[in-house]
Amino acid sequence: MIGNVFDWLADGSHWSGEDGITNRLIEHLQYSFGALVFVLIIGIPLGLFIGHTGKGAVAIAGSANALRALPTFGLLVYVVIQFSGDLPADWAYLGPSLFVLVVLGVPAVLSNTYAGVQNVDPAARDAARGMGMTGWQVLWRVEVPNALPLILSGVRSSMLQIIATATVAAYVTLGGLGRFMIDGLSQQDYAQMAGGAILVAVLAVALDLVMAVAQRYVVSRGITGRYARPAPNADVVAAESRLEV
């Protein structure tokens, strides 16, 4: 079985054409990043507002947990049945699919953003206000830089969930890598089915690595402690003191 999967992946004819892996991979990325853009537009500003003002934290936390519990496939079928007839032909299935992916991705970004801002050291926030900074300046110059590791962690988590779940688009006649799983199941071509699942997993891991590298260089060294000099060993300090005497 494993050999058949690798043979399917290594077959050059499976990588070209409209139904080839390359085209399906591009479609999968389009769905995923299209949804991620909406997730960032909704989740980050709302999370910053809640974290900075403290307003609505309880309600948003409860809503975010409720959204995590929604069954993705059931929600997709419901939205397609209810709203696809009212949408333009090009968006009849794409719109509901993006909506479901956005609903899935928003909780991680939203909860991490407001938690990151809320957990900023109060002393740093008070010092900024003591220097005469306005609320907006405190948010952008103090709270956002300190919360950035947690915000980016939420973006990475959301992206992984969206990449893995974008396969549901194939259930409503769209493309993407989920197409191989649906077609493989209907044709009892298990090599194609497993190959599609492997491609999704590899794509998720590869994008997470890219985000991890980006996070390493976007977050300030002062916050991550990267390149910080280790504390001097007590024995070494004592030896140096004796030498100076």
Side-chain angles (χ1 to χ4, degrees), residues 32-33 35-70 99 101-165 204-205 207-238 240-241:
S32 301
F33 283 107
L36 187 62
V37 168
F38 286 107
V39 167
L40 298 181
I41 290 174
I42 296 170
I44 290 184
L46 191 57
L48 292 178
F49 173 79
I50 295 169
H52 182 68
T53 64
K55 296 179 180 177
V58 175
I60 292 299
S63 302
N65 289 330
L67 290 176
R68 290 175 200 266
L70 285 175
F99 173 79
L101 294 178
V102 170
V103 169
L104 174 75
V106 163
V109 174
L110 177 60
S111 57
N112 275 41
T113 301
Y114 85 73
V117 174
Q118 275 191 331
N119 290 331
V120 171
D121 188 351
R125 194 179 289 127
D126 293 341
R129 291 198 176 102
M131 293 172 64
M133 289 188 184
T134 63
W136 185 257
Q137 289 172 327
V138 171
L139 174 65
W140 285 107
R141 296 183 182 180
V142 178
E143 292 175 335
V144 170
N146 281 280
L148 202 53
L150 205 53
I151 294 173
L152 293 177
S153 175
V155 174
R156 287 174 61 185
S157 176
S158 177
M159 183 187 67
L160 287 176
Q161 290 177 327
I162 290 174
I163 291 286
T165 312
V205 171
L207 289 177
D208 189 53
L209 289 175
V210 171
M211 282 292 295
V213 172
Q215 181 175 349
R216 179 180 175 82
Y217 290 101
V218 168
V219 178
S220 168
R221 298 176 184 177
I223 295 174
T224 61
R226 190 160 44 98
Y227 302 139
R229 293 183 177 179
N233 185 281
D235 295 336
V236 174
V237 173
E240 289 177 350
S241 300

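In what follows, residues are counted from 1 in the order of the sequence shown.
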Exercise for review: I would like to know whether L36 and S158 meet side-chain contact (heavy atoms from CB on, under 4.5 Å); could you show each step before the answer?
Suggested key: CA-CA 8 Å; L36 187 62; S158 177; 4.1 Å; yes
Review point. Rounded to the nearest 0.5 Å, how far does CZ of R216 lie from CG of L152?
Key: 14.0 Å
Review point. Closest heavy-atom contact between Q161 and L104?
Key: O-CD2, 3.5 Å
**Study point:** Shortest non-hydrogen contact between Q137 and G132, atoms and distance
**Key:** OE1-O, 4.3 Å
Check your understanding: Roughly how far, to the nearest 0.5 Å, is CD of Q118 from OG1 of T53?
Key -> 9.0 Å
Exercise for review: Kindly compute the distance separating CD1 (I162) from OG (S32), expressed to the nearest 0.5 Å.
Suggested key: 7.0 Å
Point to revise | Considering all heavy atoms, the nearest P45-I42 contact | key: CD-O, 3.9 Å
Review point. Which pair of heavy atoms, one from N112 and one from G154, lies closest together, and at what distance?
Key: ND2-N, 3.2 Å
Point to revise | Exercise: identify the closest heavy-atom pair between V102 and A35 | key: CG2-O, 3.7 Å
Exercise for review: Please name the pair of heavy atoms, one in L40 and one in V155, separated by the smallest distance, quoted to 0.1 Å.
Suggested key: CD2-CG2, 3.8 Å
Check your understanding: W140 and L48: side-chain contact (heavy atoms from CB on, under 4.5 Å), yes or no, with the steps?
Key -> CA-CA 10 Å; W140 285 107; L48 292 178; 4.3 Å; yes
Check your understanding: With side chains defined as the heavy atoms from C-beta onward, is the minimum distance between L160 and R156 less than 4.5 Å?
Key -> no
Result block: side-chain N/O donor-acceptor pairs under 3.5 angstrom for residues 143-151, not counting sequence neighbours:
from	atom 1	to	atom 2	distance (Å)
E143	OE1	H52	ND1	2.7
E143	OE2	R125	NE	2.6
N146	ND2	V142	O	2.6

Exercise for review: Kindly write out the residues that satisfy side-chain contact (heavy atoms from CB on, under 4.5 Å) with L110, not counting sequence neighbours, or none if the list is empty.
Suggested key: L46, I50, I60, V106
